> 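Structure incoming, see below.
Because the structure is predicted, anything quoted here is derived from the model rather than measured. Only this structure's heavy atoms are used, side chains among them; waters, hydrogens and symmetry mates stay out. The first residue in the sequence is number 1, and the count goes up from there.
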Amino acid sequence: MENNGGAFGMLYLFVGLAGALGSMLRYGVGILLFPADAVFPFSTLTVNLIGSFLLAWLTKHLFTNLNIPTTAKTAIGTGFVASFTTFSTLSVETIELVENGMLILASLYILVSILGGLSMSMLGFHTAERRKKK
């Protein structure tokens with residue numbers, strides 16, 4: 001990471017701007033695809049699975065095959081993808097399911113989030129590998 005005054009400040013600006021875009025997209029996915037009164041937190045699950053795939057694909061393909069500046073990589077990974085996904089919301093929603101007596105849904109949510117996220121990351125890596133071989 002560049003650690004000279006102006007470049008360091010610009011990095012924070014780029015991460016912030018990319019983070020704003022990621023969080024707005026996350027909010028938009030929730031509004032457009034899923035009803036607000038859904039019992040199961042489909043919105044958070046969806047963005048976390050997409051984000052797992054996206055970060056793996058970016059890491060394996062885009063960040064390694066193209067000469068992208070570190071600043072851009074940080075803005076995309078830490079800013080955009082990290083703000084698009086949300087572990088804290090997953091945690092709160094799981095506790096809410098538990099408090100509402102929905103232990104099976106809470107367990108399913110955790111299981112699908114973790115195993116699904118790992119699977120989507122693997123798919124992202126494998127997709128990038130296949131693309132590299134073409």
Side-chain angles (χ1 to χ4, degrees):
M1 171 171 48
E2 302 99 46
N3 200 3
N4 55 15
F8 191 67
M10 290 304 293
L11 175 61
Y12 272 82
L13 176 66
F14 293 144
V15 168
L17 291 173
L21 291 174
S23 61
M24 287 187 290
L25 182 59
R26 177 179 74 222
Y27 184 70
V29 167
I31 290 174
L32 293 174
L33 299 180
F34 303 101
D37 60 350
V39 174
F40 191 81
F42 291 107
S43 178
T44 304
L45 179 63
T46 300
V47 297
N48 284 342
L49 294 177
I50 291 169
S52 293
F53 172 87
L54 184 60
L55 187 59
W57 184 83
L58 287 169
T59 301
K60 190 70 171 179
H61 175 66
L62 196 64
F63 294 165
T64 57
N65 293 332
L66 299 177
N67 189 16
I68 297 176
T70 302
T71 304
K73 291 178 187 178
T74 303
I76 294 167
T78 302
F80 181 77
V81 178
S83 67
F84 178 66
T85 61
T86 174
F87 184 79
S88 58
T89 303
L90 179 149
S91 301
V92 168
E93 289 170 342
T94 301
I95 296 303
E96 288 175 343
L97 288 170
V98 169
E99 287 181 347
N100 289 320
M102 300 178 192
L103 297 177
I104 293 174
L105 276 182
S107 300
L108 179 65
Y109 187 34
I110 293 168
L111 184 69
V112 172
S113 294
I114 293 172
L115 295 180
L118 291 171
S119 297
M120 292 300 285
S121 291
M122 262 194 322
L123 181 63
F125 280 129
H126 290 302
T127 301
E129 281 295 317
R130 281 196 309 256
R131 185 172 175 94
K132 188 188 291 188
K133 291 177 183 176
K134 287 183 178 182

> What closest approach, in Å, do F40 and L108 show between heavy atoms, and which atom pair accounts for it?
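Answer, listing the atom of F40 first, then L108: CE1-CD2, 4.5 Å.
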
> What is the distance from atom CZ of F14 to atom CD1 of I76, rounded to the nearest 0.5 Å?
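One gets 11.5 Å once the value is rounded to the nearest 0.5 Å.
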
> What is the minimum heavy-atom distance between V47 and V29, and which atoms define it?
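So the minimum-distance heavy-atom pair works out to CG1-CG1, 3.8 Å.
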
> Let me check something: do V112 and F87 share a hydrophobic cluster, defined by ILVMFWY side-chain heavy atoms less than 4.5 Å apart, either directly or through other members?
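Per the 4.5 Å side-chain linkage, V112 and F87 are co-clustered.
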
> L21, L11: one ILVMFWY side-chain cluster at the under-4.5 Å cut-off?
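No: no chain of side-chain contacts under 4.5 Å links L21 to L11.
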
> Between CG of L62 and CG of L55, what distance do you get to the nearest 0.5 Å?
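With rounding to 0.5 Å, CG (L62) is 11.5 Å from CG (L55).
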
> Give the ring-plane orientation class for H61 versus W57, where under 30° counts as parallel, over 60° as perpendicular and anything between as tilted.
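Ring orientation, 0 to 90° scale: tilted.
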
> Can you measure from OG (S119) to CD1 (I114) and round to the nearest 0.5 angstrom?
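Answer rounded to 0.5 Å: 11.5 Å.
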
> Can you list every pair that meets side-chain hydrogen bond (donor to acceptor under 3.5 Å, both in side chains) and has a residue in residues 88-106, with sequence neighbours left out?
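Counting only pairs at least two positions apart or across chains, the side-chain hydrogen bond (donor to acceptor under 3.5 Å, both in side chains) contacts touching residues 88-106 are T44-E93, T86-S88, T86-T89, E93-Y109.
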
> Just verifying a value: how many Å separate Y12 OH and T71 OG1, rounded to the nearest 0.5 Å?
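Between Y12 OH and T71 OG1, I get 12.5 Å after rounding to 0.5 Å.
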
> With side-chain contact (heavy atoms from CB on, under 4.5 Å) as the criterion, how do L45 and S113 come out once you've worked through the C-alpha distance, each side chain's angles and the decisive distance to 0.1 Å?
CA-CA 6 Å; L45 179 63; S113 294; 3.5 Å; yes

> Could you state whether V39 and F34 fall into the same hydrophobic cluster, counting links through intermediate Ile, Leu, Val, Met, Phe, Trp or Tyr residues with side-chain heavy atoms under 4.5 angstrom apart?
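Yes, it is one cluster - the side chains of V39 and F34 are joined through contacts under 4.5 Å.
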
> Kindly say whether F80 contributes a backbone atom to a donor-acceptor pair with the side chain of S83 at under 3.5 angstrom?
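The answer is yes, because a donor-acceptor pair under 3.5 Å joins these two groups.
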
> What is the minimum heavy-atom distance between S52 and S121, and which atoms define it?
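For S52 and S121, the tightest heavy-atom pair comes out as O-OG, 3.4 Å.
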
> Hey, any chance L54 and L115 share a hydrophobic cluster, counting ILVMFWY side chains that come within less than 4.5 Å of each other, even indirectly?
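Different hydrophobic clusters.
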
> How close do L49 and G116 get, heavy atom to heavy atom, and via which atoms?
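Residues L49 and G116, closest heavy atoms: CD2-C, 3.2 Å.
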
> Which pair of heavy atoms, one from G51 and one from T85, lies closest together, and at what distance?
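Looks like CA-CG2, 3.4 Å.
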
> Return yes when atom CG of L32 has more than 12 non-hydrogen atoms of other residues, nucleotides or ligands closer than 6.0 Å, and no otherwise.
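Buried by this count: over 12 neighbours within 6.0 Å.
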
> Could you go step by step and tell me if L33 and F42 meet the side-chain contact (heavy atoms from CB on, under 4.5 Å) rule?
CA-CA 9 Å; L33 299 180; F42 291 107; over 6 Å; no

> Rounded to the nearest 0.5 Å, how far does CG of L90 lie from CD1 of I110?
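Interatomic distance, I110 CD1 to L90 CG, rounded to 0.5 Å: 7.0 Å.
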
> Taking all atoms of both residues into account, what is the closest heavy-atom pair of K60 and F125, and its distance?
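Distance-wise, the nearest heavy atoms are CB-CD2, 3.3 Å.
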
> Just verifying a value: how many Å separate I31 CD1 and M24 CE, rounded to the nearest 0.5 Å?
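Going from the CD1 atom of I31 to the CE atom of M24 covers 12.0 Å.
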
> Please tell me whether M10 and L17 are part of a single hydrophobic cluster in this structure, the criterion being side-chain heavy atoms less than 4.5 Å apart.
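Both belong to a single hydrophobic cluster.
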
